Amino acid sequence: RLMTLQNGISAALQREKIGQTVTVMIEGYDEEESLLTGRLATQAPGIDGAVILDGVEGAPGDFVTVTVTDATDYDLIAVADGGEGD
């Protein structure tokens, strides 16, 4: 019951970020999804979710400015600033 409650809280907090322009550090590449992944300065590895970068180019360690377009319970989905995604 506690995790169900926490999922709802996390999802609401993630949805509040939709439409925001943020800086993300690229962390890696998700081969299954063919997308880069990254983190906000406020997202701890292994604890917090990640940012899924749709149509963003770069390499691990690069910082990119993106716009959050969607969210899951724990992850954000973002496109290059001013971009539409794929």
Side-chain angles (χ1 to χ4, degrees):
R1 288 187 318 163
L2 185 57
M3 284 308 296
T4 300
L5 179 62
Q6 179 56 42
N7 286 352
I9 292 168
S10 179
L13 291 171
Q14 297 297 66
R15 283 192 303 272
E16 288 178 5
K17 293 179 176 75
I18 294 174
Q20 292 183 10
T21 299
V22 296
T23 300
V24 174
M25 184 181 77
I26 297 174
E27 184 175 68
Y29 183 76
D30 182 327
E31 294 205 19
E32 186 175 307
E33 299 293 330
S34 299
L35 297 168
L36 290 169
T37 60
R39 296 198 180 273
L40 299 171
T42 58
Q43 291 176 312
I47 297 172
D48 296 312
V51 182
I52 300 163
L53 303 167
D54 186 9
V56 175
E57 295 182 15
D62 289 351
F63 288 87
V64 293
T65 301
V66 297
T67 301
V68 178
T69 58
D70 204 356
T72 68
D73 287 352
Y74 294 100
D75 297 325
L76 299 173
I77 300 160
V79 299
D81 193 27
E84 299 283 325
D86 288 335

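Fair warning: this is a prediction, and the values are worked out from it, not measured in the lab.
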Exercise for review: Please collect all salt bridge (Lys or Arg N to Asp or Glu O under 4.0 Å) contacts where either partner lies in residues 6-15, sequence neighbours excluded, each pair once.
Suggested key: none
Review point. For Q20, what residues pass the side chain to side chain contact (heavy atoms under 4.5 Å, CB included) criterion, not counting sequence neighbours?
Key: K17, V22
Practice item. Following the transitive rule for hydrophobic clusters with a side-chain heavy-atom cut-off under 4.5 Å over Ile, Leu, Val, Met, Phe, Trp and Tyr, establish whether Y29 and V51 coincide in one cluster. Key: yes
Check your understanding: Given L53, which of V79, I26, L76 fulfils the side-chain contact (heavy atoms from CB on, under 4.5 Å) condition?
Key -> I26
Sequence neighbours left out, cut at 3.5 Å: what donor-acceptor pairs do the side chains of residues 40-50 make with other protein atoms?
from : atom 1 : to  : atom 2 : distance (Å)
Q43  : OE1    : L40 : N      : 2.8
Q43  : NE2    : G49 : O      : 3.3
D48  : OD2    : A44 : N      : 2.8

Review point. Is any side-chain heavy atom of V66 closer than 4.5 Å to a side-chain heavy atom of D81?
Key: no
Practice item. Using side chain to side chain contact (heavy atoms under 4.5 Å, CB included) as the criterion, list what pairs up with Y74, not counting sequence neighbours. Key: M3, Q6, N7, S10
Exercise for review: Quick one: which residue pairs count as a salt bridge (Lys or Arg N to Asp or Glu O under 4.0 Å) with a foot in residues 22-44, not counting sequence neighbours?
Suggested key: E27-R39
Check your understanding: Any salt bridge (Lys or Arg N to Asp or Glu O under 4.0 Å) pairs touching residues 59-72, not counting sequence neighbours?
Key -> none
**Study point:** For I52, all residues meeting side chain to side chain contact (heavy atoms under 4.5 Å, CB included), sequence neighbours excluded
**Key:** L35, D75, I77
Review point. Considering all heavy atoms of both residues, which atom of G28 and which atom of P60 are nearest to each other, and what is their separation?
Key: CA-CG, 4.3 Å
Exercise for review: Spell out, yes or no, whether V56 and I18 are grouped together once hydrophobic residues are joined by side-chain heavy atoms under 4.5 Å, including indirect joins.
Suggested key: yes
